[in-house]
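Data first, discussion second: the structure below is written as structure tokens.
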Amino acid sequence: VSLTALARLSKQYFNQGYLDKAKELLTNTLEQLPEGIDDEHPLLPLLQGYCSRESIASTEENHANILFLTGNFAKVYEKLGNFEAAEKLYLSSLERCKLHLGENAEETLSLMNTVGNAYLKQTKYDKAETLFLEARDRGNVHLGENNQVSSDADLYLSSLYMLQGNWEKAEPFFKRS
């Protein structure tokens, strides 16, 4: 089965309200998407449908799945190297997560790590650090010690500090991750 067929079927599931099936198929499609595709790739218009206002408005009751799909579309832009478009989608998803799921929801905090990682890839270290620290601290308070979000944030923080050559600052975060 081609990637285009998978994306079309995923979009059809999405439009019919079968968001779990759409989510599964989209994830499989994105995992198979080659690195360095260009913005003329035939999958791009299909995947853009996930972010259309009508699709989001028509399925407002299932925010977590919609935000997951929108966040994954941002990953497509990252693969294309269009970090500006990816950043806009990530930030839009993050705001919707905060609004619909709550500022301290696990999905929101996990998305903060994802956005921070996108900043890390662009060497926007200050923005990345702010998001990682916030996700880590909120995770520890609202999800309990030793949660996955905080562990991921610690790993990202250790990577960030190592990239900056600050080994002393990286070490405690690496040990906690």
### Message
Measuring from atom CG of Asn166 to atom CD of Glu171, what distance do you get when rounded to the nearest 0.5 angstrom?
### Response
11.0 Å
### Summary
Residues passing the ring pair (Phe, Tyr, Trp, His ring centres under 6.0 Å) test with Tyr161, sequence neighbours excluded, are Phe173
### Asn104 side, atom CG; Glu134 side, atom CD - distance, nearest 0.5 Å
9.0 Å
### Query
With Asn147, which residues qualify under side-chain contact (heavy atoms from CB on, under 4.5 Å), at least two apart?
Asn140, Leu143, Val149, Ser150
### Task
For residues Cys97 and Leu111, report the shortest heavy-atom separation together with the two atoms involved.
SG-CD2, 4.0 Å
### Query
Salt-bridged, Lys169 to Glu129, with N to O below 4.0 Å?
yes
### Summary
Tightest non-hydrogen contact, residues Gly116 and Phe132, listed as C-CZ, 3.3 Å
#### Entry: Residue list, ring pair (Phe, Tyr, Trp, His ring centres under 6.0 Å) with Tyr119, at least two apart or on another chain
none
### Message
To the nearest 0.5 Å, what is the distance between CG on Leu160 and CG on Leu155?
### Response
11.5 Å
### Query
Any chance CZ of Phe174 has more than 12 other-residue heavy atoms, nucleotides or ligands included, within less than 6.0 Å?
no
#### Entry: Qualifying residues under side-chain contact (heavy atoms from CB on, under 4.5 Å), relative to Leu99, sequence neighbours excluded
none
### Task
Flag the pair Leu89 / Glu87 as yes when at least one side-chain heavy-atom distance between them is below 4.5 Å, and no otherwise.
no
### Message
Just verifying a value: how many Å separate Met112 CE and Asn117 CG, rounded to the nearest 0.5 Å?
### Response
14.0 Å
## Note on the structure
Between Leu120 and Ser159, the two heavy atoms sitting closest are CD2-CB, 4.5 Å
### salt bridge (charged side-chain N to carboxylate O under 4.0 Å, His left out) against Asp154, all qualifying residues, sequence neighbours excluded
Arg136, Arg176
#### Entry: Heavy-atom neighbours of Gln122 CD exceed 12 at 6.0 Å
yes
### Nonpolar side-chain network containing Met162, other nodes, edges under 4.5 Å
Trp167
### Task
Treat each ILVMFWY residue as a node, draw an edge where side-chain heavy atoms are under 4.5 Å apart, and state whether Leu109 and Leu133 are in one component.
no
### Query
So do the side chains of Leu131 and Asn113 get within less than 4.5 Å of each other, counting heavy atoms only?
no
